[in-house]
Each structure stands twice: as structure tokens, then as C-alpha cells.
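Here the structure is laid out as C-alpha cells; the discussion comes afterwards.
Excluded from the calculations below are hydrogen atoms, water molecules and symmetry mates; all remaining heavy atoms, backbone and side chain alike, are included.
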Amino acid sequence: MFLTAVMTTIGSVSLFGQGRYGADSAECIKYLSYYKEYYKQKNYDDALPNWRKAFKLCPPSANQTMLIDGTTLMRQLISKNKANAVYKDALVDTLMTIHDLRAQNFPKYAETALNNKGLDMINYMQDEPKAIYDGLKEIISVNKEKARPQFFLFLFNAACSLYESGVLTSEDVLNDFSVSMSYMEKLPANETNDKIRTDIENLLATSNVANCDNLIALFQPRFEATPDDLALVTNIVKLLGSTEGCTDNELFFNAANKMHELDPSSSSAYFVYKLYAGRGEVDNAVKYMEEAIAAEDTDAAQDAQYYFELATFCYKNSSNAKAFECAIKAAELDSALAGKSYMLIGSIWGSQVCPGNEIEKRAPYWVAVDYLVKAKNADPTLAEEADRLIAQYSQYYPQTAEAFMYNYNKGDSYTVSCGGMRAVTTVRTQD
């Protein structure tokens with residue numbers, strides 16, 4: 001029955017398939033049928049010699065299944081011959097060739113064939129970092145971000161090993177990091193991909209490759225050549241940012257600005273704000289923090305945090321009016337920040353120097369105390385500090401007689417307008 005099935009298949013196919021199956025098409029088809037019958041029964045020992053005959057007689061383009069089955073048969077044989085290093089290496093070489101033939105002759109399935117080849121390289125060539133490096137590099141150059149994510153990690157691991165042994169230069173390794181991360185950035189965020197990204201970055205951090213001078217020398221000309229390449233500028237920021245002492249340079253600063261320009265978000269705007277704040281460039285810092293707040297990917301609580309941080313920054317840089325405005329907004333957006341915001345506003349008014357007569361000069365202290373009282377009411381944990389400042393500012397209240405000279409009495413309503421800020425308060429005196 002077995003022979004009848006085989007001969008029937010040969011007869012039916014030979015009528016119309018001789019060109020496809022090569023010069024000796026009958027023999028090709030015969031051995032294809034022979035091995036396949038055994039293969040279906042998982043009788044791999046008997047399938048193997050018939051497969052070898054088919055593989056020798058048939059053109060690689062004759063039958064894709066022959067190639068796919070061949071990889072299974074080679075893996076079985078490799079497993080059985082682990083102890084025979086020479087024979088095992090020859091079998092692995094054959095396995096790699098089969099993957100290549102599938103990719104070349106069935107281009108629709110080339111991506112799958114090359115990914116399978118990469119997995120077999122990782123499984124069977126662990127002691128050959130140069131072979132894994134060259135092979136994975138070639139696969140990634142073809143499949144790009146469609147290569148299996150673990151290939152990027154294994155490629156970079158091999159690159160670091162080859163650098164330690166003197167085979168690769170630091171520039172080679174940094175190039176491989178850049179390529180790997182640029183493709184990883186195109187993959188969806190999930191637990192597996194995120195871990196691979198982290199592992200690659202950790203490998204770089206623990207290697208002897210990345211130092212600031214190397215990174216700047218490598219990336220400066222690339223940035224100048226293609227400043228609008230988002231993947232490039234993102235990698236520059238990540239690499240320099242993770243290298244100790246490598247953020248205080250123009251390349252990092254310009255790349256961070258460009259990254260935000262190309263792919264704006266609240267986090268990228270905030271990042272650029274921090275850079276300008278560190279340089280003491282108040283106007284630019286304010287500009288980018290306001291972009292972070294205006295971004296659609298933040299909620300009210302996050303905006304309140306941003307406003308409070310900006311208020312603190314502006315106050316420290318003598319921009320009291322802007323600090324006052326931002327602190328008010330922080331309190332309005334998040335009641336949990338109200339106490340700290342009012343406390344800050346009290347300090348802002350308490351430090352404000354206003355021109356004019358003695359009442360106009362001292363009136364800011366009334367507003368300061370108003371907000372300090374609001375601060376400790378909103379957040380009792382601030383009471384001790386608020387009371388200390390209240391006692392300090394109260395010393396600067398005018399005397400009753402002095403207020404009377406300007407037609408003001410204790411308890412009168414008073415509007416303070418000074419330094420771009422405005423508030424309604426109550427006249428208070430020291431006696």
C-alpha cells in the first residue's frame with residue numbers, strides 16, 4: 001500500500017511538474033514522497049536518508065515543505081550528535097544553509113526563514129560569538145524591526161564580547177547599540193520588549209565602551225548630518241543621559257530639544273524644561289513647562305504638580321508675578337497641593353518689595369499672612385512653619401497712628417497692586 005501511494009503520487013505529478021522538479025524529476029518526486037510518508041509517521045530515522053536523496057536531486061525551489069521538514073530533521077540529528085563536535089558543526093552548517101535556501105527561493109516566507117535561522121544560531125552556536133554576531137547582523141539588516149526582539153539583545157551581547165577580545169572597536173559596538181535600539185523603539189511596549197530594552201541598556205552601562213568622549217565623537221557628526229532623525233536623537237539622549245557626567249554638553253542639549261520638536265509630549269517638554277532650568281534660562285524654562293502643561297497627555301493632578309514646580313522655580317529666580325500665578329493655578333487644580341501652594345504664595349508676597357509710601361511698602365506683608373493662614377488651614381502639617389513666618393512678617397505691620405496718617409484704620413479693606421501681582425487684603429497694625 002505504501003509503494004502504491006508513492007507511485008500514484010509520482011505518476012500524477014510527473015505529468016505536469018517535470019520542469020519544477022529538475023532534470024531528474026521522477027527521482028526527485030519519488031524521494032520526496034518516500035521521505036514524506038516516513039516523516040508523517042514521525043519515523044525520522046527512515047525519513048532522513050530519503051530526505052537527503054530528495055534534497056540532492058530536487059531544485060531548492062521545488063518544494064518548500066522539503067526545506068521546512070529538513071530543518072526539523074537536522075535539529076533531531078544535531079541533538080543526537082552533541083558529543084561529536086566536528087559532525088555537529090557540519091550539521092549546524094547544513095541547517096543554516098537550508099534556512100538560507102528557503103529565504104532565497106521563497107521570498108514570501110523569507111522573514112520567517114531568517115528568524116528561524118536566527119533562533120537556531122542562538123541555540124546551536126553559543127560558543128561562537130563572531131558567527132552569531134555576523135549572522136544576526138545580516139538577519140537584522142534584512143528583517144529590521146520584524147526580526148525577533150531577542151536578536152537585538154544577543155547581537156549587542158556578542159558585540160560587547162567581541163569588543164573585550166579586541167575584534168570590534170568601540171565605534172562598532174556603539175553603532176550596534178544605536179541600530180538595535182532604533183528597531184526596538186518601533187516595537188510595541190510590553191513586558192518582554194521592555195525587558196529586552198532594559199537589558200541592552202544595562203549591557204552598555206556595564207561595558208567599557210561608553211564614555212562621554214566616545215559618544216560625542218560618534219554622534220556629533222551624525223546629528224549634524226541628520227538632525228531630524230527621531231530614532232537617532234532619541235538614542236543620543238538616552239546614551240548620553242545614562243553616561244555619568246555626559247549631560248552638560250551641547251550635543252545632549254540640542255538633541256533633547258530636537259527630540260521634543262520631532263515628537264512632542266508632556267514628558268519631552270518637561271525634560272527640556274529641566275535642561276533650561278539647570279542653565280538658569282528662565283524664559284525658556286517657563287516656555288517648555290507651559291508646553292508640558294498644555295499637552296493632552298496630562299491630567300489635572302499632573303498639571304498641578306507642574307505648576308507648583310514652575311512656581312517654585314520662578315520664585316527662586318525672582319520672577320514673583322509668574323510664581324504667584326502658577327502657585328494659584330496649582331492650588332486650584334489639586335486641593336492636595338493647596339497648602340504648599342499657599343505657603344509658597346505667602347513667601348512670594350513676603351519677599352516682594354513695593355514702592356510708595358509706608359503703607360504701600362508694608363501692605364504685601366498683610367497678603368503674605370493671609371496666605372500663610374490659608375496654608376495651615378489647608379494643611380495642618382504646615383502650621384509650625386506658617387506660624388513662624390506669620391510672626392516674622394507681623395513685625396513689619398505699620399503702627400496704628402501711622403496707618404491713620406494715611407486715612408486707613410485697622411480692619412479696612414485694602415487692594416495691593418505691586419510687581420504685576422494684585423490682591424485684596426485687610427489693614428492690620430502692630431497695636
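Listed for the N257 side chain is a donor-acceptor partner under 3.5 Å among the backbone atoms of F253. Side chain of N211 to backbone of D213: a donor-acceptor contact under 3.5 angstrom is found. In terms of modelled atom types and a separation under 3.5 Å, the side chain of R20 and the main chain of A62 share a donor-acceptor contact. No donor-acceptor distance shorter than 3.5 angstrom exists from the side chain of D194 to the backbone of A189, with no hydrogens or angles considered. Not one N or O on the side chain of N193 forms a donor-acceptor pair closer than 3.5 Å with the backbone of N190. With hydrogens and angles ignored, the 3.5 Å screen pairs a side-chain donor or acceptor of T71 with a backbone N or O of I68.
Residues K322 and V286 come closest through the heavy atom pair CE-CG1, 3.7 Å. Taking each heavy atom of S178 and F219 in turn, the nearest pair found is OG-CE2, 4.1 Å. Residue K376 comes nearest to D387 through the heavy atom pair NZ-OD1, 2.6 Å, listed as atom of the first residue, atom of the second, then distance. Here the closest heavy-atom approach between residue A158 and residue P129 is recorded as CB-O, 3.8 Å. F152 and K144 get closest at one heavy-atom pair: CZ-O, 3.5 Å. The shortest heavy-atom contact between A403 and I359 is CA-CD1, 3.8 Å.
Salt-bridge annotation for E384 and R388: absent, with no side-chain N of the basic residue lying under 4.0 Å from a carboxylate O of the acidic one. A salt bridge between K374 and D370 is absent, with no side-chain N of the basic residue lying under 4.0 Å from a carboxylate O of the acidic one. Using a cutoff of 4.0 Å between basic side-chain nitrogens and carboxylate oxygens, K287 and D283 are not scored as salt-bridged. Comment: K137 engages D176 in a salt bridge, judged by a side-chain N to carboxylate O separation of less than 4.0 angstrom. With respect to the salt-bridge test (charged N to carboxylate O, under 4.0 angstrom), the residues E309 and K274 qualify. Using a 4.0 Å cut-off between a side-chain N of Lys or Arg and a carboxylate O of Asp or Glu, E385 and K340 do not qualify as a salt bridge.
Under 3.5 Å, the side chains of N84 and N81 contain no donor-acceptor pair of N or O atoms. Judged by distance alone, the side chains of S265 and D297 never bring a donor and an acceptor atom under 3.5 Å apart. Side-chain atoms of Y406 and N357 form no donor-acceptor pair, as typed in the model, at a separation below 3.5 Å.
In summary, of the residues considered (N50, D69, T65), a side-chain hydrogen bond (donor to acceptor under 3.5 Å, both in side chains) with K36 occurs for D69 alone.
Applying the disulfide bond (SG atoms under 2.5 Å apart) rule to pairs touching residues 129-233 yields C212-C246, sequence neighbours excluded.
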(request) List the steps and the verdict of side-chain contact (heavy atoms from CB on, under 4.5 Å) for F313 and Y273. (result) CA-CA 11 Å; F313 169 75; Y273 151 77; 3.6 Å; yes
(message) Test salt bridge (charged side-chain N to carboxylate O under 4.0 Å, His left out) on E332 and K329; report intermediate values, then the result.
(response) CA-CA 5 Å; E332 291 173 348; K329 289 179 178 177; over 6 Å; no
(request) Applying side chain to side chain donor-acceptor pair (under 3.5 Å), run through D172 and T169 and close with a yes or a no. (result) CA-CA 5 Å; D172 293 328; T169 67; 3.1 Å; yes
(message) Under the criterion side-chain contact (heavy atoms from CB on, under 4.5 Å), I'd like the reasoning laid out for Q104 against L101: C-alpha separation, chi angles, the key distance, then a yes or no.
(response) CA-CA 5 Å; Q104 293 162 11; L101 288 172; 4.1 Å; yes
(request) Using the side-chain contact (heavy atoms from CB on, under 4.5 Å) rule, take F151 and L119 through it: C-alpha gap first, then chi angles, then the decisive distance, then the call. (result) CA-CA 8 Å; F151 292 177; L119 290 175; 3.9 Å; yes
(message) Working note: D199 + N157, criterion side-chain contact (heavy atoms from CB on, under 4.5 Å); need CA distance, chi angles, decisive distance, verdict.
(response) CA-CA 10 Å; D199 287 346; N157 184 54; over 6 Å; no
(request) Please report the C-alpha distance between E37 and Q41 in whole Å, then the side-chain angles of each, then the deciding distance to 0.1 Å, and finally whether the side chain to side chain donor-acceptor pair (under 3.5 Å) criterion is met. (result) CA-CA 7 Å; E37 289 300 320; Q41 302 167 35; 4.7 Å; no
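For the ring pair (Phe, Tyr, Trp, His ring centres under 6.0 Å) test, residues two or more places apart in sequence or in another chain that qualify with H260 are Y288. Scanning for ring pair (Phe, Tyr, Trp, His ring centres under 6.0 Å) contacts around F154 gives an empty result, with sequence neighbours left out.
Ring to ring, Y397 and Y365 are not that close: their centroids are 6.0 angstrom or more apart. Under the 6.0 Å cut-off for aromatic ring centres, F252 and F271 qualify, their centroids lying closer than that. Between Y414 and W366, the ring center distance clears the sub-6.0 Å criterion.
Less than 2.5 Å separates the SG atom of C354 from that of C418.
The environment of OH in Y109 is sparse: at most 12 heavy-atom neighbours from other residues, nucleotides or ligands sit within 6.0 Å. Within 6.0 Å of atom CG in N202, more than 12 heavy atoms from other residues, nucleotides or ligands are found, so the atom counts as buried in its surroundings.
A distance of 9.0 Å separates CG in N214 from CD in E171, rounded to the nearest 0.5 Å. Interatomic distance, CD of E145 versus NZ of K186, reported as 4.5 Å (0.5 Å rounding). I348 CD1 to C326 SG: the interatomic distance, rounded to the nearest 0.5 Å, is 9.0 Å. Rounded to the nearest 0.5 Å, atoms CG (D263) and OG1 (T234) are 7.0 Å apart. Atom-to-atom distance recorded for I236:CD1 and L251:CG is 5.0 Å, nearest 0.5 angstrom. Rounding to the nearest 0.5 angstrom, the gap separating the CD1 atom in I345 from the CE atom in M421 is 10.0 Å.
You'll find the side chain of F404 stays beyond 4.5 Å of the side chain of T429, heavy atoms only.
A parallel orientation is assigned to the rings of Y270 and Y306, their planes being inclined by less than 30° (bins at 30° and 60°).
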